[in-house]
Each structure stands twice: as C-alpha cells, then as structure tokens.
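In what follows, a single structure is set out as structure tokens and then discussed.
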Amino acid sequence: MRSIWNGAISFGLVSIPIKLVNATESHSISFRQIHVEDGGRIRYRKVCEMEDREVRGDEIGKAYEGADGAMIPITDDDLASLPLPTAKTIEIVAFVPSDRIDPLQMDTAYYLSANGVPAAKPYTLLREALKRSQKVAIAKFALRGRERLGMLRVVDDVIAMHGLLWPDEIRGTEGVAPDAGVTVRDQELDLADALMATLGEVDLADLHDDYREAVEELVAAKASGEEAPHAPAPSGGGKVLDLMAALEKSVREAKESRGETVAEAEAGGEEGEGEGEVKSLRERRTASRAAPRTSSRATPKAEPGKKSTSTAKKTTAKKAATKKAADAKKSTGTAKKTTSRAASKTASKTASTSKASTASTAKKTAAKKTAAARKRSA
C-alpha cells in the first residue's frame, strides 16, 4: 500500500520510524456532470481572477484570506518550519482505557507500518505493550496542514491509528431529543426487547452495500440498452398509528425471515403475535432476578407514581382475596363443627328418650303382672 506520510512515533525517548497508509477505501460510485441537452462533460477550470486565464497546477499555491479580503500567501516551507514537535512525529501523550474514547470522536483510520529494519524492534515493543496493557495510546500529529488528535490501538499484528476530532469539535445534544414528554409502557418495552432478541446478532462481514449493487445494475442495463430495473412498491409507509401492532408485526416478520413458521411463532396457545416471546423474556427476567446482574443497560424511566400505585393496588387486592378465602374457610369449619355438635346432641337425646320409653314399658308390664297375681290369689 502506498504511504501518504512518513515520520516517527515518539514513545518517551524511543523513536520509531513509520509510514502512514490509509486503512480504509471507498467503493462508492462516482458520477460526472454533463450537459443534459447533448451529454457533453461539464468541467471546472481554474482561472486567475486578475489575468482572466486558466492556470496550470504548478502555478497554484495556498493563501490565508484575511478579514479585509486580502490574501496572505503561505508556502509549504512556511508550514514545514513551524515550531511544532508533531510536524513529522506522532507524539504519544498518554495511555488510557479504550472505553474513555467517545465513538463520536472517531475519524479516518490509518495503519502504521515500520519504516525499515531498525524500526521493527521498537515497533513490536510498542505493539506488545499496548496488547498487554489493554489500553490505547493518545497522540498528537500534524497532517495536511493541521495538527490532529489520534488514538493508537492494535489490529491483528499491526498498530492502527484513528484520527480523533478535538473535543470542542463535537456538538452538544441540546435541542435534539424529543421535546414532548413521552411515557413508554412496560408492554411496549417487552415487545421491543422481544424484537431485539428475535433479530439477534449479525456478522458484519455478511453485510454489503445494496445501493451500490443496484446502481451498478442500473448502469449495466442502460449501457446494454435494456430496461432499467424499477423499485418494488413499498409494503408500508406513513405514520405508525398503533405502536403495539407495529411491534408485534415486526416480531412476526423477523421470525419468519429466519425460517420460523407462523405456527412455531404462535406455539403455546392463543397468544398474540410476539406475546410468546415476551412471556419467555419475562420468565428469564424472573429467573435472573435471583442472581446478581452484570448488565448495565439503562432502562427508560417509567411515569412517576404509576408503577408503585399499580403495584399497591395489586398487593391490596391480593391481601383482600387471601383474607376473604381464610374467612370463608373459617366459616365452613365453624359450620361443620356446629352441625357435628347438633347431631351429637340429637343422637344423645334420642338415645335418652329411647331408654326412658323402654323403662316405662317394662314398669307397666310388671305392674300388670302383679295385679293379675293378686287377683288370682283373692
């Protein structure tokens, strides 16, 4: 690969000669401007305003435009002689954990190649030190007329450098978030989680530029005189009127796209679209509550007081139902005891009455026999 800059890495008192090469390349399709009527190329010519003539590239220099419009010429020698240690050196200023770097600061990526045999040993030393420390190096360097910030890290066995934007080049987020207060329901979050789980992960190497391929097909069709391909009619569009319905449909389509049938997606009863996945997620959440959480995913705040009020109502209703069941059980037990006692008393009374009747009958029979005997003796 062709180098775009030669210099050295300054690592304390260690100097590592390196070559800088681009780590990325663009595959986007370029278009030319033409005159619509006859198809002629539209070209831009560099013309001197004072002489009103086109000038060659070797006649063009650079200048700084002052506040009054005056041009202050600046030569390459002027820039090369600037009193900056980073003019031809990537100066490492610190080593920090990689998570300290905000992805918003990431810019163009480069590979750093050891320039010559003597550079191999110090280059390898820095590379292995970065690997073992699991940190990245923060550096300053000058490139294309300005000083820049960079981050050095290891990719395979190569030291890569990402250009970083200066912190004051990152805009704030004020005025970007929605102004209106929006409350997201737990059911909506559950379906969103189900959709995320259904979509799963992806190997970035499997992704490709569909737009570029479509443009290439369009160019090939026009070049061969064939009919250009047309975009299919959109399947949806417009505003989402029912968020829950849209989430449920998304879960269903995601499952179908990975080969699951509708029957598999709806297995487990008459649950609606996505509800089976939501149920599974809830069960996993309940099981994970017993173990310490290792995830730091932020959960959107619910509407103040809404969740606690709902929980209190559910708890009160549960207590009332439990008390009612206990009272009913107690009443049933009391009724059984009363019935048993009444039956016992009735049986006792019946037995007593039966005994008294038997005794009275026997007494009467004895009296009759005595009277009959007296009568016979008289």
Within the structure provided, determine whether [X] and [Y] are in side-chain contact (heavy-atom separation under 4.5 Å).
{"X": "Leu152", "Y": "Ile9", "value": "yes"}
{"X": "His162", "Y": "Ile101", "value": "no"}
{"X": "Val158", "Y": "Tyr123", "value": "yes"}
{"X": "Arg41", "Y": "Gln33", "value": "no"}
{"X": "Lys46", "Y": "Ile60", "value": "yes"}
{"X": "Leu191", "Y": "Glu188", "value": "no"}
{"X": "Val21", "Y": "Arg2", "value": "no"}

Once rounded to the nearest 0.5 Å, what's the spacing between atom [atom1] of [X] and atom [atom2] of [Y]?
{"X": "Ile138", "Y": "Phe95", "atom1": "CD1", "atom2": "CZ", "result": "9.5 Å"}
{"X": "Asp186", "Y": "Leu189", "atom1": "CG", "atom2": "CG", "result": "6.5 Å"}
{"X": "Asp156", "Y": "Arg127", "atom1": "CG", "atom2": "CZ", "result": "10.5 Å"}
{"X": "Ile42", "Y": "Ile34", "atom1": "CD1", "atom2": "CD1", "result": "8.5 Å"}
{"X": "Ser3", "Y": "Asn22", "atom1": "OG", "atom2": "CG", "result": "10.0 Å"}

Hphob cluster co-occupancy, [X] + [Y], side-chain heavy atoms under 4.5 angstrom:
{"X": "Met106", "Y": "Val136", "value": "yes"}
{"X": "Val117", "Y": "Ile16", "value": "no"}
{"X": "Val155", "Y": "Ile159", "value": "no"}

Looking at [options], which hits side-chain contact (heavy atoms from CB on, under 4.5 Å) with [X]?
{"X": "Phe141", "options": "Glu147, Lys88, Met161", "answer": "Met161"}
{"X": "Leu126", "options": "Leu112, Ile18, Val154, Ile92", "answer": "Ile92"}
{"X": "Leu20", "options": "Asn6, Asn115, Ile4", "answer": "Ile4"}

_Derivation of the salt bridge (charged side-chain N to carboxylate O under 4.0 Å, His left out) call for Arg185 and Asp190_ = CA-CA 9 Å; Arg185 295 181 296 167; Asp190 289 339; over 6 Å; no
Hey, is [atom1] on [X] packed in by over 12 heavy atoms from elsewhere, all under 6.0 Å?
{"X": "Arg56", "atom1": "CZ", "value": "no"}
{"X": "Asp99", "atom1": "CG", "value": "yes"}
{"X": "Glu213", "atom1": "CD", "value": "yes"}
{"X": "Asp179", "atom1": "CG", "value": "no"}

For [X] versus [Y], what's the shortest heavy-atom pair and its separation?
{"X": "Thr89", "Y": "Ser10", "value": "CG2-CB, 3.4 Å"}
{"X": "Lys135", "Y": "Pro97", "value": "CG-N, 4.2 Å"}
{"X": "Met151", "Y": "Leu164", "value": "CB-CD1, 3.8 Å"}
{"X": "Leu218", "Y": "Ala228", "value": "CD1-CB, 3.5 Å"}
{"X": "Ala8", "Y": "Ser15", "value": "CB-OG, 3.6 Å"}

_Checking Asp157 now: which residues fulfil salt bridge (Lys or Arg N to Asp or Glu O under 4.0 Å) with it, not counting sequence neighbours?_
Lys131
*Is there a donor-acceptor contact under 3.5 Å from the side chain of Asp78 to the main chain of Thr75?*
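The answer is yes, because a donor-acceptor pair under 3.5 Å joins these two groups.
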*Examine distances only and state if a side-chain atom of Gln105 and a backbone atom of Leu165 form a donor-acceptor pair shorter than 3.5 Å.*
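It does hold such a pair.
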*Does the pair Lys140 and Glu91 meet the rule for a salt bridge (charged side-chain N to carboxylate O under 4.0 Å, His left out), with working shown?*
CA-CA 5 Å; Lys140 294 170 68 176; Glu91 182 184 10; 5.8 Å; no
*Show the numbers, then the answer: is there a salt bridge (charged side-chain N to carboxylate O under 4.0 Å, His left out) between Arg148 and Glu169?*
CA-CA 12 Å; Arg148 302 165 185 256; Glu169 293 180 312; over 6 Å; no
*List the steps, then state whether salt bridge (charged side-chain N to carboxylate O under 4.0 Å, His left out) holds for Glu217 with Arg212.*
CA-CA 9 Å; Glu217 292 178 5; Arg212 177 170 60 89; over 6 Å; no
